[in-house]
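Here is the structure we will look at, set down as structure tokens.
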Amino acid sequence: MATASEISERILEAVMARKLEPGSRLGEQQLAMLFDCSRTIVREALTRLAARGIVTVSARRGWYVVEPGADEAREAFEARKVIETGLIRSTKTLDKPAAQRLRAHIARQKAAVKGSDVAMRSFLLGDFHVCLAECLGNSLLAETLRDFTARTTLIAMRYQSPEDAAQSCAEHVDIVAALEAGDSKRAEQLMAAHLSTWQRKLHVPDEDPLHKLRTALAPIQAKAQELHTRKRSTYLGEVL
């Protein structure tokens with residue numbers, strides 16, 4: 001029987017692997033059957049994730065994965081930039097075990113980029129940032145960063161065109177190389193540029209509340225042209 005912590009972790013991993021899309025419904029009964037536990041435990045797991053901004057609940061829809069908006073997209077990336085560049089700035093040296101762990105993580109990323117497992121590739125590219133925070137010695141911020149990374153993954157799924165995974169992995173390589181060389185200033189600059197690059201790649205539409213209705217009720221081009229021509233012909237007939 002799974003615990004609430006195990007369930008919440010599995011859901012978070014599924015989000016980071018892009019297996020759960022924004023708006024995906026999470027039924028309590030189905031999850032209880034899947035994890036062989038009570039609905040009380042499932043509800044506890046979902047409540048924890050709601051507090052972390054990963055899922056939400058409504059009386060009509062029940063529990064579902066959050067659907068980030070344009071403002072949340074900008075805020076999530078800005079928060080990540082503050083946390084990650086700040087962690088690097090406060091780092092004096094990267095010890096050998098941490099460097100080895102980061103190199104091993106990058107090796108797995110490279111293998112995933114060359115492979116066909118999109119879920120593993122997506123998870124590793126996002127998890128690198130969590131792993132980096134842990135290697136820089138701040139487990140508390142690593143947990144916070146895990147949540148922000150999951151939320152930016154949801155944002156990417158909703159707004160972003162398929163990202164160049166090889167480019168992202170290469171940028172991770174450069175960041176680790178700078179840290180190993182003891183050049184924290186360059187590593188900080190590389191991290192800021194890396195996050196800014198992927199933030200710019202998001203195609204976040206302006207949030208016009210009437211957009212769908214406006215589009216649906218817009219005149220069809222051919223019909224509009226026909227009406228315009230018909231009105232013009234009638235007017236010319238009257239003049240003549």
Side-chain angles (χ1 to χ4, degrees), residues 5-6 8-18 48-49 51-54 66 68 72-113 119-157 160 163 165 167-199 201-202:
S5 296
E6 290 169 343
S8 60
E9 187 64 23
R10 286 276 293 278
I11 292 173
L12 189 61
E13 287 177 357
V15 167
M16 291 180 66
R18 302 192 181 193
R48 291 181 183 183
L49 289 173
R52 297 164 68 177
I54 307 301
V66 296
E72 290 173 283
R74 285 186 287 270
E75 289 175 2
F77 269 101
E78 288 303 319
R80 282 188 60 184
K81 195 177 298 183
V82 170
I83 292 172
E84 298 189 60
T85 57
L87 275 171
I88 293 173
R89 191 182 310 123
S90 63
T91 301
K92 302 301 179 185
T93 57
L94 187 68
D95 61 34
K96 189 174 181 179
Q100 290 175 336
R101 183 182 173 189
L102 287 170
R103 282 198 298 270
H105 198 291
I106 284 175
R108 292 197 299 274
Q109 288 180 54
K110 289 180 177 179
V113 167
M120 179 58 71
R121 182 187 72 195
S122 298
F123 175 79
L124 287 172
L125 289 174
D127 187 63
F128 166 79
H129 295 267
V130 181
C131 180
L132 178 60
E134 291 173 344
C135 288
L136 295 181
N138 198 315
S139 58
L140 182 61
L141 282 180
E143 282 303 307
T144 301
L145 194 57
R146 187 187 301 276
D147 295 343
F148 279 119
T149 301
R151 292 173 74 176
T152 51
T153 297
L154 288 169
I155 293 161
M157 288 170 71
Q160 196 177 42
E163 67 183 33
Q167 178 188 344
S168 184
C169 183
E171 290 171 359
H172 292 171
V173 171
D174 292 340
I175 292 167
V176 173
L179 285 169
E180 286 193 271
D183 192 346
S184 59
K185 184 175 181 180
R186 174 163 172 73
E188 181 185 343
Q189 292 171 342
L190 288 170
M191 178 60 79
H194 171 65
L195 293 173
S196 294
T197 294
W198 297 107
Q199 183 176 2
K201 284 180 179 287
L202 296 180

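Given the structure is predicted, the values throughout are model-derived calculations rather than measurements.
- Taken to the nearest 0.5 Å, the CG atom of Leu136 stands 6.5 Å off from the CG atom of Leu94.
- Between Arg186 and Leu179, every side-chain heavy-atom pair lies at or beyond the 4.5 Å cut-off.
- Distance check: Phe148 CZ to Thr153 OG1 gives 13.0 Å after rounding to the nearest 0.5 Å.
- Counting only heavy atoms from C-beta outward, the side chains of Glu78 and Leu195 never approach each other to under 4.5 Å.
- Between Gln109 and Val173, the closest side-chain pair of non-hydrogen atoms is not below 4.5 Å.
- Taking both residues in full, the closest heavy atoms of Val66 and Gly53 are given as CG2-O, 3.5 Å, listed atom of the first, atom of the second, then distance.
- The two residues Ile88 and Ser184 come nearest to each other via the heavy atoms CG2-O, 3.4 Å.
- Side-chain atoms of Leu87 and Leu141, non-hydrogen and from C-beta on, do get closer than 4.5 Å to each other.
- With sequence neighbours left out, Ser196 forms a side chain to side chain donor-acceptor pair (under 3.5 Å) with Lys81.
- For Lys185, the side-chain contact (heavy atoms from CB on, under 4.5 Å) partners are Asp183, Gln189, not counting sequence neighbours.
- Arg146 is listed as a side-chain neighbour of Glu9, based on a closest heavy-atom distance under 4.5 Å.
- Listed by chain and number, the residues in a side-chain contact (heavy atoms from CB on, under 4.5 Å) with Arg48 are Ala4, Ser5, Glu44 (sequence neighbours excluded).
- Once rounded to the nearest 0.5 Å, the distance linking OG of Ser168 with CG of Leu125 reads 4.5 Å.
- Identified under the salt bridge (Lys or Arg N to Asp or Glu O under 4.0 Å) test for residues 167-178, with sequence neighbours left out: none.
- Partners of Glu188 according to the salt bridge (Lys or Arg N to Asp or Glu O under 4.0 Å) rule, which considers only residues two or more places apart in sequence or in another chain, are Arg89.
- Evaluation of the side-chain contact (heavy atoms from CB on, under 4.5 Å) rule for Val82 yields no partner, not counting sequence neighbours.
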Side chain to side chain contact (heavy atoms under 4.5 Å, CB included) between Arg18 and Arg121: does it pass, once the steps are laid out? CA-CA 10 Å; Arg18 302 192 181 193; Arg121 182 187 72 195; over 6 Å; no
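- Between the OG1 atom of Thr152 and the CD atom of Glu75 there is a distance of 13.5 Å, given to the nearest 0.5 Å.
- Here Arg103 pairs with Glu180 under the side chain to side chain donor-acceptor pair (under 3.5 Å) rule; sequence neighbours left out.
- Judged as a side-chain contact (heavy atoms from CB on, under 4.5 Å), and not counting sequence neighbours, the contacts of Ala119 are Ala17, Lys19, Asp117.
- Summarising the geometry, atom OG1 belonging to Thr149 is positioned 11.0 Å from atom CZ belonging to Phe128; distances are rounded to the nearest 0.5 Å.
- Within the structure, side-chain hydrogen bond (donor to acceptor under 3.5 Å, both in side chains) contacts touching residues 124-140 (residues at least two apart or in different chains) are Arg80-His129, Glu84-His129, Arg101-Glu134, His105-Asp127, His129-His172, His129-His194.
- Between Leu102 and Cys131 the shortest side-chain heavy-atom distance falls below 4.5 Å.
- Rounding to the nearest 0.5 Å places CH2 of Trp198 at 9.5 Å from CZ of Phe77.
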